Amino acid sequence: MSNLLSSYPAFHRHSIDQAQDFWKNEASRIDWHRPFDQVVDESRLPFVKWFVGGQTNLCYNAVDRHLKDRAHQDALIYISTETNQNHTYSYTELHREVNRCAAVFQQLGVVKGDRILIYMPMVPQAVFAMLACVRLGAIHSVVFGGFAAQSLATRIDDAKPKLIFTADAGLRAGKAILYKGLVDEAIRLANFPPEKVILLDRGIDPHLSWVKGRDLNYETLRENNLDAEIPVQWLESSDPSYILYTSGTTGKPKGVQRDTGGYAVALAASMEYIYCAKPGQTMFTTSDIGWVVGHSYIVYGPLIHGMSTILYEGLPIRPDPGIWWKIVEQYKVSVMFSSPTAIRVLKRQEAHYLHSSDVSSLQGLYLAGEPLDEPTARWISEALKVPVYDHYWQTETGWAILSNVPGVETSPLKWGSPGFAAYGFNVKLLDELTGAEVGAHQKGVVTLLPPLPPGCLTTVWGQDQRFIDTYFTSFKHTQVYTTFDWAIRDEQGYYFILGRSDDVINVAGHRLGTREIEEAVSSHDQVAEVAVVGVSHEIKGQVPLAFVVVKDASVLQDSLRRQGLYKEVLEAVNKSLGPVGRPEQIHFVSMLPKTRSGKILRRSIKALAQGEDPGDLTTLEDMLAIEEIRRAVTKP
Ligand code: AMP
């Protein structure tokens with residue numbers, strides 16, 4: 001590719017200074033039905049359109065175009081250590097299944113622009129459904145299975161899907177999670193329920209119930225469409241491909257909206273420049289399809305690049321902690337993508353699990369989603385004897401903002417740093433108050449100068465103003481995208497992420513707004529007030545702690561009633577948000593520390609919970625509240 005300049009700094013500069021030239025070259029990595037006539041339209045910043053006038057399709061690029069050269073190559077490798085089932089789909093078979101699924105959707109009246117909500121465990125049908133949606137120009141919204149009925153209902157009401165595609169159940173460590181029951185409950189709670197529910201009956205739930213006239217059996221519908229061939233719907237490059245909800249500081253999640261052409265080009269380029277992957281190789285991304293990493297690097301990225309991709313249903317330590325390395329050996333995995341939390345879990349296991357498999361096929365391990373601590377990074381680098389790349393990104397960007405870019409130039413890795421600005425990203429570290437750029441080793445907020453490169457969110461679903469207000473109004477004098485992360489940068493341009501500047505916490509690589517958890521806790525009618533903070537945790541990076549003021553304090557006098565209430569509050573969170581948001585601990589207190597203007601001092605609560613100094617307390621209304629928090633967190 002002509003973009004390959006010899007040194008990375010020059011390559012990065014070119015991607016910013018001659019962005020049009022740069023991305024025009026990259027666009028040739030994918031197939032276009034109609035060529036674009038303008039690389040980028042930035043006339044309505046911060047809204048950007050990439051590859052204007054071009055028409056393409058994500059499914060065509062991920063599946064159809066490989067039929068010529070890769071018809072019999074493995075495309076999707078499904079491995080379940082929960083059901084002990086493995087199934088490999090070649091590109092031809094994947095194409096067939098996607099067509100069948102698209103036919104089912106089409107028969108049910110799905111047309112371009114309709115939304116389909118996918119609430120599925122890690123099964124191949126979830127991938128078929130995603131690809132079938134984009135084949136038809138329908139917009140998928142995949143919701144992570146760990147979210148409960150209320151969270152699902154919020155997402156239903158925002159996306160207003162025509163259909164929900166779900167399964168009877170998922171499995172986690174052999175325990176069934178009954179998806180269908182959660183969907184029924186969510187539909188009951190929702191104001192805009194879908195017309196139909198398509199149900200994949202895996203045979204896990206023996207008491208599966210069907211709602212007559214609404215619920216349809218996927219297997220039957222599929223059987224009726226075995227020979228279906230559904231033409232690809234050619235889409236404008238800027239047409240939406242999917243919505244993916246993510247948490248922020250408000251209780252209401254935002255629907256990150258992704259385009260079609262820009263996303264395909266961004267992922268295709270990243271496969272070579274960041275992941276050094278070659279078509280025909282195998283990629284193993286251990287995330288869930290409900291998260292952005294799953295969208296970009298289980299499904300679209302590797303398939304667009306003509307790779308074989310592994311879809312793994314199970315835990316990293318079952319049937320034993322060597323399972324991932326056995327998979328690497330058996331499928332000759334070249335590129336692996338995981339999370340620091342998963343590696344910390346494996347680090348606690350005996351070393352022989354790692355050493356009993358031949359992992360020599362591996363070229364690199366990529367980690368993202370949360371800070372990677374040095375001991376974990378060192379341990380896994382030494383054990384695997386391949387480069388371990390930390391890289392930093394967000395649901396919003398769809399691919400890495402900060403990374404090492406070994407496909408362009410081999411640069412040293414620095415412990416604790418996710419690397420430097422990825423090509424296409426004009427990263428600036430700004431002083432929070434003045435908005436001025438800070439110098440080396442000075443703390444600032446990570447921001448991106450528009451236009452955001454291809455692949456990034458184009459807006460918040462249905463809420464253009466919220467897109468601007470949330471991401472582009474942090475600084476008075478400049479319209480820049482803020483990541484809400486603090487960082488410092490060294491003289492060589494390596495960044496070190498210091499944590500979030502807002503009330504968002506990161507639990508095992510998953511972003512959760514403390515407000516969301518607080519709302520879930522408050523759904524228990526005994527809860528008068530609550531503050532949730534994220535505190536450091538050895539394995540998960542961070543975990544939520546809840547400080548709760550109850551309406552009737554006499555309940556707390558009786559230890560049985562107190563325990564009962566504790567369990568009920570946890571159950572309330574399970575019911576409304578799901579296990580992802582479950583507080584590690586609940587502390588009952590008689591009041592929360594607040595400023596005189598009524599703002600809860602979360603920073604001080606968090607500091608105390610981590611055994612640190614609570615900081616400036618001059619605005620505090622009642623010192624006793626802080627003392628109570630201190631006692632609560634130091635109690636054995
Ligand atoms: P999500 O959108 O859920 O992937 O969460 C994105 C957030 O996770 C970022 O804003 C960071 O706070 C954090 N994050 C992601 N990758 C890294 C990383 N490599 N190092 C430190 N923090 C990270």
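Index from 1, following the sequence. The model shown is predicted, which means the values in this text are computed figures rather than measured ones. In each ligand, atom 1 is the first atom listed, and ligand 1 is the first ligand listed.
Among protein heavy atoms, atom 20 (N) of ligand 1 sits closest to Glu370 O, 3.4 Å. Distance from atom 9 (C) of ligand 1 to its nearest protein heavy atom, with residue and atom name: Asp485 OD2, 3.2 Å. Protein heavy atom at the shortest distance from atom 5 (O) of ligand 1 is Arg511 NE, 3.4 Å. Nearest protein heavy-atom contact of atom 6 (C) of ligand 1 is Trp393 O, 3.5 Å. Regarding atom 16 (N) of ligand 1, its nearest protein heavy-atom neighbour is Gly369 N, 3.1 Å.
The aromatic rings of Phe11 and Tyr8 lie tilted to each other, with the angle between the two planes from 30° to 60°. Taking the six-membered ring where tryptophan is involved, the planes of Tyr494 and Phe420 are perpendicular, since the angle between them exceeds 60° and thus also 30°. Ring planes of Trp324 and Tyr312: perpendicular class, angle over 60° (limits at 30 and 60°).
Taking the ring centroids of Phe337 and Phe284, they lie at or beyond the 6.0 Å cut-off. Between Phe425 and Trp399, the distance from one ring center to the other falls under 6.0 angstrom.
Residue Val293 does not touch ligand 1, judged by heavy-atom distances below 4.0 Å. If you look at Phe484 next to ligand 1, there are no close heavy atoms at all, none under 4.0 Å. For Asp390, every heavy-atom contact with ligand 1 shorter than 4.0 Å involves the side chain, none the backbone.
Contact atoms of ligand 1 toward Thr395: 1 (P), 2 (O), 3 (O), 4 (O) (distance under 4.0 Å to a heavy atom of the residue). Of all the atoms in ligand 1, the ones that sit under 4.0 Å from a non-hydrogen atom of Asn506 are 8 (O), 13 (C). For ligand 1, the atoms closer than 4.0 angstrom to any heavy atom of Pro371 are 20 (N), 21 (C), 22 (N).
Here the side chain of Asp464 pairs no donor or acceptor atom with the backbone of Ile468 at under 3.5 angstrom.
Looking at ligand 1, you'll find an N or O of His391 within less than 3.5 Å of one of its N or O atoms. Inclusion of Leu372 in the set of residues having an N or O under 3.5 Å from an N or O of ligand 1 is not warranted.
A cation-pi geometry, defined here as NZ or CZ lying under 6.0 Å from the six-membered ring centre and within 45° of its normal, does not hold between Arg500 and Phe484.
For the pair Arg500 and ligand 1, a heavy-atom separation below 4.0 Å is found.
At a cut-off of 3.5 Å, with distance as the only test, no side-chain donor of Glu26 or Tyr423 sits close to an acceptor on the other residue. Under 3.5 Å, the side chains of Tyr245 and Asp158 contain a donor-acceptor pair of N or O atoms.
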